Amino acid sequence: MTDVETLGQHACCGGSVRFLRHQSAELGVPATFGIFLPKESLAGEKVPVIHVLGGLTCTHETFLIKSNAVRFAAEHGIALVAPDTSPRNTGTAGEDDEYDLGTGAGFYVDATHAPWSAHYRMESYIRKELPALTESLFSLDGNRRGIMGHSMGGMGALNQALNHPEFWKTVSALAPICHPSVIPWGRKAFDAYFGGDPAKWKECDPTLLLRSGHKHPTSILVDQGLQDQYLADLRPDALVEAAKECGQALDMRRHDDSDHSYWFIQTVIADHLSHHAKGLKA
């Protein structure tokens, strides 16, 4: 079994929040993640689990600390797994030069272009390595697995669920990047990670996935603030139109007074935990 180092452990809401580090085979460097285990899991019961993906510049700690999700996960008896937003300290040239490329900005994709392809394999890490590791270490039910995320992480959650609907039983997103292939953030990252290959974009753009017929069997919950300072780049309307075209059930909720911050996430997070609980416990 992979050696896992505990970096921190805290009693919280009747359960346990832990931060851990392991040597990642997919990333080729040590990787850190956070996890919340509700009391049921600590008692040996296999519980549903939601993987929660942070946005640009966030770490494995951000979502668990700032979102207030732990309190509601505890109420539903659901575990949370929070990966980092990229590999770190890989020695890749340029990874620390800009906030929206490299460190803290893995975009949850598998890079195919050097030098990024050696370590920037967050799609496979999230899809394969991290669930297998956490489900071997803790009392988690791999048959009841959901995914959600914020901003870049919302994009990652939507991509994961649309590409692997049998693996992720439920999905939701908070202010996600909905159409990355047409905005500066996405084009910059995709040009670097995929070497400018536009064919790869179709696998990593939620709007393009829906347009190509990828669907999730459950309804997708998305919340978007209309005072979001990045609204023009998030393109929620594109996601709505693509969902209509392919018949994907999508609940896009818009909030007049909300921005892109974790204050917005705290406002709606209870509904997201209820959304996942309903699907994972059905």
Side-chain angles (χ1 to χ4, degrees), residues 24-27 33 35 41 45-54 63 69 73 76-83 106-110 112 121-150 152-174 176-180 199-222 239-240 242-252 272-282:
S24 168
E26 287 289 350
L27 306 180
F33 67 92
I35 189 167
S41 180
E45 178 183 340
K46 287 199 175 286
V47 300
V49 55
I50 305 168
H51 286 240
V52 294
L53 310 184
F63 202 97
H76 290 292
I78 292 176
L80 303 174
V81 173
F107 277 83
Y108 304 104
V109 301
D110 285 351
T112 58
R121 297 183 46 78
M122 289 299 293
E123 195 279 337
S124 289
Y125 179 71
I126 299 298
R127 162 74 174 80
K128 301 174 183 177
E129 186 173 8
L130 189 57
L133 175 63
T134 53
E135 289 163 22
S136 72
L137 292 173
F138 305 108
S139 292
L140 308 177
D141 185 351
N143 292 315
R144 295 186 291 164
R145 196 186 294 114
I147 192 163
M148 65 182 293
H150 173 228
M152 178 185 72
M155 184 203 85
L158 293 171
N159 285 338
Q160 286 274 351
L162 292 172
N163 278 311
H164 308 287
E166 75 292 341
F167 191 83
W168 305 105
K169 306 299 185 186
T170 54
V171 55
S172 71
L174 301 131
I177 302 173
C178 296
H179 199 3
K200 289 294 296 180
W201 295 2
K202 297 178 182 179
E203 303 171 17
C204 305
D205 183 317
T207 294
L208 295 182
L209 284 170
L210 288 171
R211 288 178 181 169
S212 64
H214 287 73
K215 294 170 61 177
H216 198 273
T218 71
S219 179
I220 300 172
L221 174 63
V222 178
L239 190 74
V240 170
K244 287 180 181 177
E245 291 172 10
C246 74
Q248 170 66 57
L250 171 67
D251 184 7
M252 174 70 72
H272 283 252
L273 268 295
S274 294
H275 168 82
H276 286 274
K278 182 179 178 180
L280 296 176
K281 293 186 173 184

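Every heavy atom of this structure was used, including side-chain atoms; hydrogens, water molecules and symmetry mates were not. Because the structure is a prediction, the values reported are computed rather than measured. We count residues from 1, following the sequence as given.
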**Prompt:** Are E135 and R145 within salt-bridge range, i.e. N to O under 4.0 Å?
**Reply:**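 Salt bridge present between E135 and R145.
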
[X] and [Y]: which non-hydrogen atoms are nearest, and at how many Å?
X	Y	answer
H214	L210	O-CD2, 3.3 Å
F63	A69	CE2-CB, 4.0 Å
V49	L280	O-CD1, 4.1 Å
I147	A161	CG2-CB, 4.3 Å
G156	L53	C-CD1, 3.8 Å
W168	I126	CZ2-O, 3.7 Å

Contact check, side chains of [X] and [Y], non-hydrogen atoms, under 4.5 Å:
X	Y	result
L239	H179	no
C204	F107	no
L137	I35	no
R121	Y125	no
H164	E123	yes
I50	L273	yes
D205	M155	no
L130	F33	yes

**Request:** Applying side-chain contact (heavy atoms from CB on, under 4.5 Å) between H276 and each of M148, K169, H76, report the one that passes.
**Result:**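 Of all the options given, the one that passes is M148.
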
**Message:** Side chains of S172 and H275 only: does a donor on one sit below 3.5 Å from an acceptor on the other?
**Reply:** no

**Asked** Roughly how far, to the nearest 0.5 Å, is CG of L140 from CG of L133?
**Response**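 Going from the CG atom of L133 to the CG atom of L140 covers 10.0 Å.
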
**Request:** Can you sort out the partners of K215 under side-chain contact (heavy atoms from CB on, under 4.5 Å), two or more places apart, ordered by chain and number?
**Result:** C246, Q248

**Message:** Can you list everything that forms a side-chain hydrogen bond (donor to acceptor under 3.5 Å, both in side chains) with D141? Sequence neighbours excluded, please.
**Reply:** R144

**Message:** Does K281, at its NZ atom, have more than 12 non-hydrogen atoms belonging to other residues, nucleotides or ligands within less than 6.0 Å?
**Reply:**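 Counting other residues, nucleotides and ligands, NZ of K281 exceeds 12 neighbours.
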
**side-chain hydrogen bond (donor to acceptor under 3.5 Å, both in side chains) assessment of D251 paired with S219** = CA-CA 7 Å; D251 184 7; S219 179; 5.9 Å; no

